[in-house]
There are 2 protein chains.
Amino acid sequence: MKKVGLKEIAEHVGVSTALVSYVLNGQAIEKQVNKETAEKILSAAEALNYRPNQIAKSLKMRKTHTIGLVVAEINYRFSTGITRAIEGEAKKNNYTVIYGSSNENQEKFAELVNVFINRQVDGLILVPAEHSEEQIRFLQKAEIPFVLVDRNFPDIKTNYITLDNYKAAYKATEYLIATHHRRICMVNYKTTLFNLLERNRGYRDALKDHKIPFKQKWLQSINVEDIPQALDHVLTATDPCDALFFATDTLALHGLKYLNRKKLNVPGDVSVLSFDESDAFELFYTPITHSRQPLEEMGKQAVNTLLELIDHNKISKQISLEADLIIGKSCKES
Amino acid sequence: MKKVGLKEIAEHVGVSTALVSYVLNGQAIEKQVNKETAEKILSAAEALNYRPNQIAKSLKMRKTHTIGLVVAEINYRFSTGITRAIEGEAKKNNYTVIYGSSNENQEKFAELVNVFINRQVDGLILVPAEHSEEQIRFLQKAEIPFVLVDRNFPDIKTNYITLDNYKAAYKATEYLIATHHRRICMVNYKTTLFNLLERNRGYRDALKDHKIPFKQKWLQSINVEDIPQALDHVLTATDPCDALFFATDTLALHGLKYLNRKKLNVPGDVSVLSFDESDAFELFYTPITHSRQPLEEMGKQAVNTLLELIDHNKISKQISLEADLIIGKSCKES
DNA sequence: TTACATACTTTAAACGATTAAAGCAAGGGG
DNA sequence: CCCCTTGCTTTAATCGTTTAAAGTATGTAA
C-alpha cells in the first residue's frame, strides 16, 4: 500500500493540493470552494484512506501538539498518578504527551529535556531532579515554555504547581499531637529538595507551636536502605517514639515492611502516618492514615498553565495546592 | 533567543548549509571537507548551541526513530513492567517510545493506533484490546511494522511475543496438586482473550492428567466486581475449595482483600496462588506464590523483533516465553 | 465596449533538514 | 595550450504540508 498524501488525492480528483488542503482543514466555505469539488475531495480522502502526515504538518506549522513530561522515577505512585492526570488533560486539549523518567539523576534529566527539545515539543512539564537548577535556568534563557510540578527551586522564579508541603506536614503532625502522641519521629530522605525540606519545617513548627520540645534524633534524614537502623534507633531507645511520620510513601512502605519483620503492630506498638499512598498499602492489615496530594488537580493545572504559556506566552503562575489528610486506622486514637 | 538552524551556522562560518550538514553528520572525511572548515563549523555549532530539528530530519529521512506502544491498562503491573523494559531497550537502540493505554477498550485502541500512525511512528508494539482483530488486519494490509505482546489472536498470523500461558498455568496447577490440594478453584476473567483462556486450559489439563475430576463450579469466569460472590460460592459450599488460583494479579488482589475482610487466613484456611505479582502483595502478611512473567525479556524481544521488521522487513517471529513459579508461603505444604 | 466584482482555482514559496549533482580552482601530463 | 584530476564547495531538488498571492472565467454595471 503506497502512501497517500495530498498529492494523490489532488490527482485523483483533478485539482491542486491547495484546494485539497483547504477542504480537509474545514476551510471550504471560508475559501469559497465549490461545493461539488469539496465533496469529491472529501470522498476521495475517505476512499483512499488519507492520513495526514503530522510530521510535515508540524514542520510547516512549527507546532507539534506534543508535551514533554519528565518525572523523577517511574516507580513512584506520584509519577504514575500525575502522568495519568497530565495525559488525560492533554488529550482533552488535543496534545500528545511523550515522557521519560530521570531516575532522580540530574544528568539523565538534562538529557531527556534535550531529547524533547530536539523533538520540538511545544512545551515541558517537569519534576526536576535534585541539582538541576542549571538546566532550568537554561530553559528560561531559551524561552522554552515549561512548568515545574511537585518541586520548585525557591531561588529561581518559574511557573510551578506544587503541594503546600509545609502546611500538609504541619497539619499531619498536628493530627498526631491531637491524638496524644508526644514522641513523634519524622522519617525523611537526606536531601536538598525544597519540597521535602518543607515537610520537615512543617513538622518542626507544629511541634513547636504545641510546646513539644523537639529532639534531634526524632528527625531521621536518611536513605531508604537505612530504614532499619533508623527505626531501631528511635524505637528501641529508653524513650521510644510513639509515632512514625514518613515523608513519602516509599519510605513508609519500607518502614512498614521492617515493622512487619520485627513483628511490631500498627498502631498497637507504634502509630504510622505517611505522605501519599502506595498501592502496597492496600493489603496491609490496617489502613494507613496519610496525607493525600490532589494529583488530578495538579496534572490539570500543570497542563493548563503550560498551554496558556504556549499560546499566550508570558504568564506567571505559582500554584500551591492543599493535601487532604485521609484518616485510616494506623494511628492510635487513645 | 532565536532558533539556530543549519542556516545560521552556515552564515556564521560563511559556507553553505550542505557543508554544515556533512560535517555535523560525521561525513567530513567522506565528503573531503577541508579540515579547518570542518573545525570552524563544529565550533560554531557548539557556540551557537545548535540543536537539529528532528521534525525536519524526520520528514526528509522518512524515519522518526519512534515506536508507538499501546498497553491495555496503565494500572496493571504488567503494563508498567513491560513499558519500562521496552523503553530501556528502545533507548539502547536510539528510539523513543510514545505510548498510550487503551483501557481495554477496542475503540480507544484503534484511535491510539491511528494517532501513532499519523505521527509517523516507525513501528508499533501492541497489547491488543479484546475484539481488535479488525484493526490488526488493517495494519497488516497497510504493511505497517508491528508486533503483538502478551496477547495474540490464534487465527491471525502476526509476529508476537507471549507467555506460554498454557504451560505456566499447567505447572502452577501441578504445584498445587503436588502440595496435596484437591479442590482447586480457578478464578479468571469472563473473557474471549486467547491468552487468558489458555490459562484455563492449562489448569484443566493439569487436573485431568492427575486424575482429579473437574467440577464446573471450580472454574469461576467473572468480572472483578463479582469476586465476593464467586469466592463465597466456592468457599462456603459443603465441599469448599482448598486452593484459589487467580489468573491475574488484579483478581488476586481483590480476592485477598476479600479474604482479609472475611478474616480467612492464607494459607491456614485456603491456599492462594496468583499469576503475576501486584505491588500490593508486598505488605500482605504472607508472600504470595505466583507465576512470574519474564517482562524484561518480553520487552527486549518485542523491541528487537520490531526493529528487525523495520530495518529488514518481512520476518516472521512467534515467540513463547516461559514463566517462573515463585514459591512464597501462601500455599499449605502439608 | 470597458471595467470591475464575484467565484473559484492554481502557483509557488515556505518549514529545516539531506544529498545527488554540478561547479570551480589549482595542479599535472601530454 | 588543452584536458583531466583532485580537492573542496555550492546549487537545488526533495520530504508533505500550508497559505499568501496571483490567475482565470463568468457575470454585471456603466
Quickly work out the [X] [atom1] to [N] [atom2] distance and round it to whole Å.
X     : N      : atom1 : atom2 : value
B:K63 : D:dC15 : NZ    : P     : 19 Å
A:L59 : C:dA14 : CG    : C1'   : 9 Å
B:I55 : C:dA14 : CD1   : C1'   : 17 Å
A:R51 : D:dT17 : CZ    : C1'   : 17 Å
A:M61 : D:dC15 : CE    : P     : 21 Å
A:Q27 : D:dA21 : CD    : P     : 15 Å
B:R62 : C:dT18 : CZ    : C1'   : 13 Å
B:L6  : C:dA14 : CG    : C1'   : 16 Å

Side chains of [Y] and [X]: any donor to acceptor distance under 3.5 Å?
X      : Y      : value
B:R151 : B:T162 : no
A:Y22  : A:Q32  : no
A:N25  : A:S21  : yes
A:T158 : A:Q140 : no

Quiz item: CD of A:E133: more than 12 outside heavy atoms within 6.0 angstrom?
Solution: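 Above 12, so yes.
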
Quiz item: With sequence neighbours excluded, what pairs up with B:K63 under the salt bridge (charged side-chain N to carboxylate O under 4.0 Å, His left out) test?
Solution: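 In terms of salt bridge (charged side-chain N to carboxylate O under 4.0 Å, His left out), with neighbours along the sequence ignored, B:K63 is linked to B:D122.
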
Exercise. Would you give a per-nucleotide map of nucleotides 4-13 of chain C, 5' to 3', where B means the base has a protein non-hydrogen atom under 4.0 Å away, S means only the sugar-phosphate does, and - means neither?
Key: ---SSBBB--

Quiz item: Are B:K57 and C:dG16 close enough that a side-chain N or O sits under 4.0 Å from OP1 or OP2?
Solution: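 Checking B:K57 against C:dG16: no side-chain N or O falls below 4.0 Å of OP1 or OP2.
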
Exercise. Verify the contact: side-chain N or O of A:N53 to OP1 or OP2 of D:dC15, cut-off strictly under 4.0 Å; return yes or no.
Key: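 For D:dC15, OP1/OP2 do not have a side-chain N/O of A:N53 under 4.0 Å.
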
